S.K.: 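Okay, handing you the structure first.
The analysis underlying the following values was restricted to heavy atoms, covering all of them including side chains, and did not include hydrogens, waters or symmetry mates. What you see is a predicted model; the values in this text were computed from it and never measured.
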Amino acid sequence: MNLKESKGNMYEFITHTWNPMGGRCPHGCAYCYMKYHTYIERLYLDERELKGTCPAKLFIFIGSNTDVFAAEMPSAWINKVLDFCVDVTSNQKDDEKTRFLLQTKNPARVLEFINHPLLKNGQAVVCTTLETNRHYPDIMNNAPLIKDRAKAMAAIADYGVKTYVTIEPIMDFDSDEFIGLLKMCKPEQVNIGAESQHFVQIPQPSEDKLTSLILQLLCFTKVTVKKNLNGEVVTQNLINRIKQNYSYEKKVK
């Protein structure tokens with residue numbers, strides 16, 4: 001099990017990444033940095049990764065190089081990976097068990113494995129990417145439609161599985177519809193990031209629109225802003241917006 005310490009543009013709450021599967025991701029999103037760093041076209045399972053030990057108290061992102069739940073991934077491979085996660089952490093104390101982030105743009109596929117022990121025992125968090133509510137075909141290419149991702153996440157959450165949503169790279173959106181889709185996912189956390197590789201031109205929302213989105217998200221979930229979105233500026237915009245709409249009158253005794 002070749003774990004790599006989290007670095008670069010990875011989520012700050014993730015401790016390590018692990019890639020038991022490889023090959024070119026079938027979704028082919030135009031902005032994905034792995035399109036320019038993947039040299040093996042065919043999908044594969046690296047059986048060598050299903051050996052060894054795993055430390056406790058980690059939060060591991062499975063499949064940072066390709067989508068583990070892409071439609072083209074054989075079910076047998078996915079089962080082997082999920083089984084190994086359970087087995088390799090079986091001797092860890094319940095309150096110290098390593099957790100796993102299963103991030104996919106094809107969450108409907110997760111429902112095929114919804115009764116797997118890794119999902120039923122609470123060790124797995126299922127995350128999907130909703131870049132916007134809109135469909136930008138030249139950017140999203142073969143990835144499942146945004147609405148289909150949201151519907152699948154709602155079904156996953158109804159099984160009691162913890163869900164996250166990542167808005168990265170954030171693209172221009174229609175506020176009411178986008179908030180509705182995000183609520184549908186019932187996320188315990190929403191992560192927001194920008195397109196930082198500049199491989200493709202992304203339609204960007206205005207700063208005011210982004211600030212409004214975050215304020216609405218905070219009404220029903222936790223929000224984390226990635227460094228590539230210039231978190232300090234976003235935070236200051238939020239503070240300014242709150243100040244504009246909040247007043248405190250000190251009582252005189």
Side-chain angles (χ1 to χ4, degrees), residues 10-11 13-14 21 25-29 31-32 59-64 66-73 75 78-79 81-82 85 99-137 139-193 205 213-214 216-226:
M10 182 48 63
Y11 306 116
F13 56 85
I14 289 294
M21 298 174 182
C25 180
H27 296 153
C29 300
Y31 58 77
C32 181
F59 198 176
I60 300 173
F61 186 130
I62 301 178
S64 58
T66 194
D67 196 321
V68 171
F69 292 93
E72 294 80 359
M73 285 289 185
S75 296
I78 300 174
N79 269 315
V81 170
L82 299 182
C85 292
R99 297 188 298 152
F100 299 90
L101 184 71
L102 308 177
Q103 182 162 333
T104 176
K105 289 180 181 170
N106 188 30
R109 187 78 190 280
V110 176
L111 291 167
E112 181 182 333
F113 307 90
I114 201 68
N115 290 316
H116 191 281
L118 189 71
L119 285 101
K120 295 194 76 171
N121 69 14
Q123 275 185 271
V125 177
V126 178
C127 180
T128 197
T129 302
L130 301 184
E131 307 97 322
T132 173
N133 65 291
R134 301 175 184 175
H135 183 57
Y136 294 103
I139 299 175
M140 298 173 178
N141 289 324
N142 303 321
L145 296 175
I146 295 289
K147 291 181 180 179
D148 291 340
R149 300 181 212 174
K151 289 177 182 177
M153 291 297 284
I156 291 167
D158 285 343
Y159 278 96
V161 176
K162 181 179 290 189
T163 59
Y164 288 1
V165 172
T166 290
I167 308 174
E168 183 183 23
I170 188 166
M171 303 180 192
D172 201 8
F173 55 85
D174 305 295
S175 297
D176 291 344
E177 183 177 349
F178 196 25
I179 285 291
L181 290 171
L182 291 163
K183 283 184 177 179
M184 187 187 299
C185 298
K186 303 174 186 176
E188 295 198 14
Q189 181 171 306
V190 172
N191 316 299
I192 307 179
L213 173 68
I214 294 174
Q216 291 181 77
L217 288 172
L218 287 170
C219 293
F220 63 88
T221 190
K222 176 182 177 181
V223 177
T224 67
V225 176
K226 296 184 71 174

S.K.: Please confirm whether the backbone N or O of Lys105 pairs with a side-chain atom of Asp67, one donor and one acceptor, at under 3.5 Å?
M.R.: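 It does hold such a pair.
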S.K.: Verify whether one side chain among Thr104 and Arg149 offers a donor that lies under 3.5 Å from an acceptor in the other.
M.R.: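 No.
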S.K.: In Å and rounded to the nearest 0.5 Å, what is the NZ to NE2 distance from Lys147 to His135?
M.R.: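 NE2 of His135 is found 11.5 Å from NZ of Lys147.
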S.K.: Taking the side chain as every heavy atom from C-beta outward, state whether Ile170 and Leu213 have any pair of such atoms under 4.5 Å apart.
M.R.: yes
S.K.: Taking atom CG of Asp158 and atom OG1 of Thr163, what is their separation to the nearest 0.5 Å?
M.R.: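 Output value for this atom pair is 9.5 Å.
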S.K.: Any ring-ring contact (aromatic ring centres under 6.0 Å, His included) involving residues 115-134? Give me the pairs, sequence neighbours left out, ordered by first then second residue.
M.R.: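 Applying ring-ring contact (aromatic ring centres under 6.0 Å, His included) to every pair that reaches into residues 115-134, excluding sequence neighbours, yields nothing.
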S.K.: Using every non-hydrogen atom in the two residues, find where Cys127 and Leu101 come nearest and quote the distance to one decimal.
M.R.: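 Taking Cys127 first and Leu101 second, the nearest heavy atoms are CB-CD1, 3.8 Å.
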S.K.: For the atom pair CG (Asn106) and CZ (Phe69), what is the distance rounded to the nearest 0.5 Å?
M.R.: 9.5 Å
S.K.: Distance check, rounded to the nearest 0.5 Å: Glu168 atom CD versus Lys226 atom NZ?
M.R.: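 Here the rounded value is 3.5 Å.
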S.K.: Does the side chain of Ile78 come within less than 4.5 Å of Arg109's, by heavy atoms?
M.R.: yes
S.K.: Where the side chain of Thr221 meets the backbone of Glu188, is there a donor-acceptor pair that is under 3.5 Å apart?
M.R.: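 Yes: the side chain of Thr221 pairs with the backbone of Glu188.
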S.K.: Please determine whether a side-chain nitrogen of the Lys or Arg among Asp172 and Arg134 lies less than 4.0 Å from a carboxylate oxygen of the Asp or Glu.
M.R.: yes
S.K.: Is the backbone N or O of Gly28 less than 3.5 Å from a side-chain atom of Asn141, with the two atoms forming a donor-acceptor pair by type?
M.R.: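 Present.
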S.K.: Ignoring hydrogens and angles, state whether a donor on the side chain of Tyr31 or Glu131 is under 3.5 Å from an acceptor on the partner side chain.
M.R.: yes
S.K.: With a 3.5 Å cut-off and no angle check, do the side chains of Gln103 and Thr129 form a donor-acceptor pair?
M.R.: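 Yes, side-chain donor-acceptor contact under 3.5 Å.
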S.K.: With sequence neighbours left out, write down each residue that passes ring pair (Phe, Tyr, Trp, His ring centres under 6.0 Å) with Phe13, or none if nothing qualifies.
M.R.: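 Tyr11, Phe59, Tyr164.
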S.K.: OH of Tyr159: more than 12 outside heavy atoms within 6.0 angstrom?
M.R.: no
